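Reading through the structure tokens given below for one structure.
Counting starts at 1 for both ligands and their atoms, following the listed order. All figures in this text were calculated on a predicted structure; none of them were measured in a lab. What you see below is based on every heavy atom in this structure, not just the backbone, and it leaves out hydrogens, waters and symmetry mates.
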Amino acid sequence: MLKGKTALVTGSTSGIGLGIARSLAQAGCNLVINGLGNAEEIETIRSELAQSSGVEVLFDGANMMEPEQISHMVERTNQHFGGIDVLVNNAGIQYVSPVEEFPIEKWDAIIAINLSSSFHTIRAAIPSMKKRGFGRIINLASAHALVASPYKSAYVAAKHGLAGLTKTVALEVAENGITVNAVCPGYVLTPLVEKQIPDTAHARGISEEEVVRDVLLAAQSTKQFVTVEQISGLVIFLCSQSAASITGALLPIDGGWTAH
Ligand code: NAD
């Protein structure tokens, strides 16, 4: 379906981003993957993605806290593949703490990685999308772009900001064949969530089992984690021609969480 197109997925060395990269490769998209981690492990991921799908896959290690590195990554992708058709802004981190104890450097890092990096990729990618008259920008927001939870001030602020960025850019490029949407998952069992279970247990003074049952899945009415495959399926649909009129949308995929 996306044969010959090019996708750039930030934060795609793990979790949801890696799952989305895998689905885009299977749909025929050439890829630039990005993220932090061990160089050998990343090379294994890159070559496995390329071999299993027959597409070209490059890795770019741009740090999403560094605007210059981000715009160079977009430039290199444009030069190598002649443009970006699908931009998935997925890189993200989490930190859980009461606001009065929230470390300032964690606030700054979450705003930079979870919000500002998307501004920088979008800003750099739009001119070539406009020239080609086609683009799909998909921002990995969260149910936390729609509702809040305590102890996640930076994350909730960044994701609400990403929702605003999504709607604004969608309006600006609506006549250029470019759609801009935010996917808003509930809890998915990835390294990002696994890491916050002990921190949440500590912040709330409860056990890790209680965190999963009474905090993470409390509002998720299905009582099931959302899966990476379900999110990838939505992303692939948003890339299709059938989704050409879906733009500026914040799409919950959260087991009923935000229906409350
Ligand atoms: P993850 O920790 O498994 O993956 C995060 C990815 O971002 C990794 O590839 C990591 O290397 C990359 N990354 C982190 N900091 C970076 C930086 N400075 N520069 C470049 N790359 C960086 O997390 P995940 O659960 O797969 O989360 C992916 C996205 O989905 C995030 O934006 C997250 O907020 C969002 N999300 C996750 C959940 C969930 O329950 N897991 C729910 C809703 C939204």
- Query: Above 12 or not: heavy atoms from other molecules or residues under 6.0 Å from NE2 of H202?
  - Reply: no
- Message: Using 0.5 Å steps for rounding, measure from the CG atom of L24 to the SG atom of C29.
- Response: 5.0 Å
- Message: Counting only heavy atoms and a distance below 4.0 Å, can you name the residues contacting ligand 1?
- Response: G11, S12, T13, S14, G15, I16, N34, G35, L36, A62, N63, M64, N90, A91, G92, I93, I113, L140, A141, S142, Y155, K159, P185, G186, Y187, V188, T190, P191, L192, V193
- Query: salt bridge (charged side-chain N to carboxylate O under 4.0 Å, His left out) with R213: which residues, sequence neighbours excluded?
  - Reply: none
- Looking at V183, I236, L140, L234, which hits side chain to side chain contact (heavy atoms under 4.5 Å, CB included) with I20? L140
- Item | Cationic N near anionic O, under 4.0 Å, R136 to D85 | no
- Salt bridge present between R46 and E41 (N-O < 4.0 angstrom): no
